[in-house]
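Report on the structure given below.
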Protein chains: 2
Amino acid sequence: MAKGKRAAAMAENRARLIRAARAAFATQGYADASMDELTAAVGLTRGALYHNFEDKKGLLWAVVEQIDGEMAERLRIVREQAPNPWLGLLAEGSAYIEMALEPEIQRIMLLDGPAVLGDPSKWPGENACLDITMRTIRALIEQGIVKPVDVEAAGRLLNGAALSAALWVAAADDPKNVLSKAVDAFRVLASGLLREAREPA
Amino acid sequence: MAKGKRAAAMAENRARLIRAARAAFATQGYADASMDELTAAVGLTRGALYHNFEDKKGLLWAVVEQIDGEMAERLRIVREQAPNPWLGLLAEGSAYIEMALEPEIQRIMLLDGPAVLGDPSKWPGENACLDITMRTIRALIEQGIVKPVDVEAAGRLLNGAALSAALWVAAADDPKNVLSKAVDAFRVLASGLLREAREPA
DNA sequence: CCCCTTGACATACGCCTCGTATGTGAGCGA
DNA sequence: TCGCTCACATACGAGGCGTATGTCAAGGGG
């Protein structure tokens, strides 16, 4: 039981730093987040940071990977609960839009992440959200519900549309009203993928 | 003739600083661009910068406004050259995607801009690109070509899809091939807006 | 013609932050 | 028990931003 005492403590501290970083990055933004304050908030110093992570960017990488995994899991659940694949795709889109309303996701994943770490399509973990969308589209094409479009292209554009919608909703004075408009528009655009003009039951 | 000698020189210096900032921000990114180097590159010092602009962010604001205006003008020309409004909308989308391939636009307008200045939908100049797209959609709805969707919602999602496509193309190893896939997918999504399943001649 | 004000810019300074190099004390093997 | 290792703290240097202060040309009044 006294086996990995050091390692366990280190993992605990890593987790604490990541938790603090999520909060700091989300509220102050990456650039304005001070590593001194961040580490002190969990009773450590910058020494711990640069021992556990490569640098400030490395900490952001860790945060992004964690959030990315959480988002993918949530999207997976939403899709599996839908009555059919097509509605699953639409539900994914809505869920994505709603997730992007959360300040943490918006700030870290959609604003600072791309600016600091570069294009999300090159992130390791392959941007799990996109991966799920693509899988759904592929399945719909195989079932003949969706036109035989390029899967990656369609997935990326759909995600982009949802993201844009989310940012719009997030910045709106009247989020509820705007949210419904955004979801409607998303469905209209997505319907362009359908082989038949009418949606499947 | 010797009337506004001071003012003219100042305008000239302002323009030079903005030009230098466009280059520096595009190549190094906003955060890594040193104001000392930037001003020295045009034979000035930071004193001139903080006299002409509020601060580093203020310089970015000026750069963003300038680029935004240029993009709007280019989009306007593309739209006007199209044979009909619907093709104009598609051409705008393609043009937008292609513009986002330019490192300057990509880095400043799509990455650092939103991260530093906040959501683009709140930028003054109203994000002229979006404005044009919305006007086109409104006209198409009035002509009965496009479904009566919410104009702003449709415009924002279309722009978002195009933006996402652009980032994808920009980061691709094989830009040419990916570009055509992206444009195809954009047209498929846009076709969801059509009242009739088939495109107008 | 001189002086004085104004404004555009340069210079100098303080503060903060990041990254690294060095110190230190607890844990684990021999 | 001795000593090595490693996780972390401390100390230091470099650089960047923003501001306060200095300076010199341009223009107006006497």
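Convention: sequence-line order gives letters A, B, ...; per-chain numbering from 1.
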Query raised in the report: Once you round it to whole Å, what is the distance between C1' of D:dA11 and OH of A:Y50?
Result: 15 Å
Query raised in the report: Between A:N52 and D:dA7, is there a side-chain N or O to OP1/OP2 distance below 4.0 Å?
Result: no
Query - Below 4.0 Å: OP1/OP2 of D:dA7 and any side-chain N or O of A:H51 - result: yes
Report task. Would you indicate whether B:Q143, at its atom CD, is surrounded by more than 12 heavy atoms from other residues, nucleotides or ligands within a distance under 6.0 Å? Result -> yes
Requested in this report: Please determine if a side-chain N or O atom of B:N13 lies less than 4.0 Å away from the OP1 or OP2 oxygen of C:dA8.
Outcome: no
Requested in this report: Answer with base, sugar-phosphate or nothing: what part of the nucleic acid does A:A31 contact at a heavy-atom distance below 4.0 Å?
Outcome: nothing
Report summary line: In whole angstroms, the gap separating P of C:dG19 from CE of A:M35 amounts to 9 Å
Query raised in the report: Just by modelled atom types, is the A:V151 backbone N or O under 3.5 Å from a matching donor or acceptor in the B:K181 side chain?
Result: no
Query raised in the report: What nucleotide, of D:dT19, C:dG19, C:dC9, holds the atom closest to the side chain of A:R46?
Result: C:dG19
Query raised in the report: Just checking B:A40: base, sugar-phosphate only, or nothing, at a heavy-atom cut-off of under 4.0 Å?
Result: nothing
Query raised in the report: C:dT20 P sits how many Å from A:E54 CD, rounded?
Result: 8 Å
Query - Side-chain donor or acceptor of A:K57 paired with backbone N/O of A:L117 under 3.5 Å - result: no
**Report entry** Rounded interatomic separation in angstrom, taking CD from A:E12 and P from D:dA7
**Finding:** 15 Å
Report summary line: When rounded to whole Å, the NZ to C1' distance for the pair B:K57 and D:dC17 reads 13 Å
Query raised in the report: Given D:dC17, C:dA10, C:dG19, which nucleotide is nearest the side-chain atoms of B:L44?
Result: C:dA10
Query raised in the report: Rounded to the Å, how far apart are A:L38 CG and D:dC8 C1'?
Result: 16 Å
Query raised in the report: CG of B:D32 versus C1' of C:dC18: gap in Å, rounded?
Result: 12 Å
Requested in this report: Just compare D:dC17, C:dA10, D:dG18 and give me whichever is closest to any side-chain atom of B:D55.
Outcome: D:dG18
Report task. Using a 4.0 Å heavy-atom cut-off across all strands, classify A:T45 as base, sugar-phosphate, or nothing. Result -> base
Query - Aromatic ring pairing B:F25/B:Y30, orientation class (parallel under 30°, perpendicular over 60°, tilted between) - result: tilted
Query raised in the report: Whole Å only: how far is the NZ atom of B:K56 from the P atom of C:dC16?
Result: 19 Å
Query raised in the report: If you measure only the distance, is there a donor-acceptor pair under 3.5 Å linking the side chains of A:R16 and A:N13?
Result: yes
